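See below for the structure under consideration.
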2 protein chains.
Amino acid sequence: MTIRVVIADDQMMVREGFSVLLNAMPDIEVVGEAVDGREAVARVAELRPDVVLMDIRMPEMNGIDATREIVAADTEAKVLVLTTFDLDEYVYQALRAGASGFLLKDASARQLADGVKVVAAGESLLAPTVTRRLITEFAKLSDVPKAPTSARVGDLTERETEVLVLIAQGLSNGEIAEHLVVAESTIKTHVSRILVKLGLRDRTQAAVFAYEARLVTPG
Amino acid sequence: MTIRVVIADDQMMVREGFSVLLNAMPDIEVVGEAVDGREAVARVAELRPDVVLMDIRMPEMNGIDATREIVAADTEAKVLVLTTFDLDEYVYQALRAGASGFLLKDASARQLADGVKVVAAGESLLAPTVTRRLITEFAKLSDVPKAPTSARVGDLTERETEVLVLIAQGLSNGEIAEHLVVAESTIKTHVSRILVKLGLRDRTQAAVFAYEARLVTPG
DNA sequence: CGGCCGCTCACCCGTACGAGTGTGCCCCTG
DNA sequence: CAGGGGCACACTCGTACGGGTGAGCGGCCG
């Protein structure tokens with residue numbers, strides 16, 4: 001019932017450190033190591049470990065892509081990503097790639113061991129700072145549902161729709177005014193109403209909305 | 001420097017239990033209790049604790065709404081939600097309401113104390129099962145963006161392409177900066193270079209361009 | 001080795017933009 | 001007929017945006 005672990009990191013010291021740390025645990029065993037992403041994928045396919053400790057920055061193939069491949073292959077291996085800085089924007093990419101967890105390399109032995117056990121059990125865990133960012137990001141993402149019934153093209157008047165389409169062509173207020181032969185201030189009023197009605201913030205979001213609503217189509 | 005805690009739960013036994021547990025910690029002090037959401041909001045306003053342990057199911061006002069009010073008020077108090085079952089769909093609501101963390105009531109004393117300290121420090125934490133669900137949900141929500149390496153638009157650099165895609169999602173410079181974890185001034189530089197390279201005038205035209213170039217696609 | 005490039009960041013400055021408020025006209029409908 | 005909605009226009013105000021310039025740093029290449 002011991003948990004079998006593979007460590008992927010390009011720095012020997014890091015691999016050694018974690019290896020010693022984890023092998024000291026009674027129910028964890030480090031069964032393999034890899035110095036880059038490509039090797040990590042191969043080792044996992046070959047050794048079928050329960051958990052992979054994955055560094056992000058590696059030569060050959062980075063940890064993100066390696067994670068993606070490991071998850072795509074139907075191994076049971078769970079990926080626990082380790083990184084030096086939580087500042088990485090890679091956090092999101094790693095999670096999307098299918099990582100089960102995200103810890104900082106300065107984690108204590110206890111935290112690391114706990115982490116390995118948690119992901120081996122099929123659950124997930126994140127470093128506290130990462131958790132905070134993920135929650136914030138999640139709140140933002142799910143706060144603005146893509147298709148709220150309130151935001152409808154149908155709510156716009158004919159004129160407003162016309163203006164919206166022109167916004168989605170990349171025209172400025174002045175150009176739209178010229179095009180429709182009215183004053184620029186008039187266009188500004190229209191734009192304001194459009195933004196309010198659709199619950200958007202600026203003309204760029206309006207352009208995006210127009211494309212998403214198929215008011216205009218690429219090509 | 002002790003962490004001041006308020007406990008909100010309608011069951012006396014629960015309040016008692018957690019209270020004893022936490023007061024046993026040298027650097028944590030339970031300074032108040034509340035039997036429902038309304039009282040919780042009042043206690044927080046009155047006692048200005050560092051952390052609130054919040055049950056979700058309570059009479060008068062549930063923990064979600066109470067959390068929302070506490071966060072909305074400008075107190076420094078962090079809310080750590082406690083629930084019996086992780087099954088709750090309330091998890092997402094709680095996080096959107098501004099909770100800093102989410103633990104199950106069967107958490108160990110150590111986990112609970114750790115949790116209180118983590119949220120008091122301004123970070124966040126979640127129970128492992130909740131973490132897994134949040135990551136899954138997050139991956140689903142933010143799945144839309146795709147591999148930027150595949151198509152190199154014009155002679156934009158990888159980073160610039162990345163920024164362009166985010167522009168085409170309707171993000172402001174500040175939001176892009178946050179997302180990529182760099183300074184806003186950096187994003188402004190990228191945006192400028194993108195506009196020059198593509199011969200565009202503003203970010204709206206850039207968004208249009210991104211759609212036309214199929215860097216992003218509707219739906 | 002030096003130089004180019006990509007990425008990062010800072011500061012200044014002018015302006016288009018967006019928010020808010022108010023006015024007026026036309027047309028349709030209750 | 002009065003009222004409401006669509007449309008047009010003006011004005012103020014604060015700010016995000018975009019232009020310009022300069023500069024530091026790490027990697028890659030000739």
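As the structure is a computational prediction, the values presented were derived from the model and not from experiment. Labels below follow one simple rule: chain letters A, B, ... track the order of the sequence lines, proteins then strands, and each chain is numbered from 1.
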Distance test, side-chain N/O of R203(B) to OP1/OP2 of dG18(D), below 4.0 Å: yes
Charged N-O contact under 4.0 Å between E160(A) and K197(A): yes
Carboxylate-amine/guanidinium contact D114(A) R110(B), below 4.0 Å: yes
Interatomic distance, L164(A) CG vs dG18(C) P [rounded to whole Å]: 12 Å
Short side-chain N/O contact to dA16(C) OP1/OP2 from N173(A), under 4.0 Å: no
d(CZ, R193(B); P, dG19(D)) in whole Å: 12 Å
Compile the donor-acceptor pairs under 3.5 Å between side chains in residues 183-192 of chain B and protein atoms, sequence neighbours left out, one pair per line.
| residue | atom | partner | partner atom | Å |
| --- | --- | --- | --- | --- |
| T189(B) | OG1 | S185(B) | O | 3.1 |
| S192(B) | OG | K188(B) | O | 3.3 |

N/O (side chain, T186(A)) to phosphate O (OP1/OP2, dC9(D)) under 4.0 Å: yes
Between C1' of dC7(D) and CD1 of I176(A), the distance in whole Å: 16 Å
Proximal nucleotide (of dC17(D), dT12(D), dA8(D)) relative to the H190(A) side chain: dA8(D)
Under 3.5 Å, which protein N or O atoms sit close to an N or O of nucleotides 20-26 of chain D? Give each pair with its distance.
none

Nucleotide nearest L195(B) (side chain, heavy atoms from C-beta), chosen from dG18(C), dG18(D), dC9(D): dG18(D)
salt_bridge(E175(A), R201(B)) N-O dist < 4.0 Å: yes
pair L180(A)-L166(A): side-chain heavy atoms closer than 4.5 Å: yes
Gap between atoms NZ and C1', on K197(A) and dG18(C) respectively (whole Å): 17 Å
Touch class at under 4.0 angstrom, heavy-atom based, for T157(B) against every strand present: sugar-phosphate
Short side-chain N/O contact from S185(B) to OP1 or OP2 of dA10(C), under 4.0 Å: yes
Between dT8(C) (P) and I187(B) (CD1): distance, integer Å: 7 Å
Residue met sooner reading DNA chain C from 5', once E160(B) and R201(B) are mapped to nucleotides: E160(B)
Separation of dG6(D) P from L180(A) CG (nearest whole Å): 18 Å
Euclidean distance, atom NZ of residue K188(A) to atom C1' of dG22(C) [Å, nearest integer]: 15 Å
Side-chain heavy atoms of F209(B) within contact of L164(B), under 4.5 Å: yes
Between dA16(D) (C1') and E184(B) (CD): distance, integer Å: 8 Å
R43(B): partners by salt bridge (Lys or Arg N to Asp or Glu O under 4.0 Å), with sequence neighbours left out: E39(B), E46(B)
Under 4.0 angstrom between R159(A) side-chain N/O and dA8(D) OP1 or OP2: yes
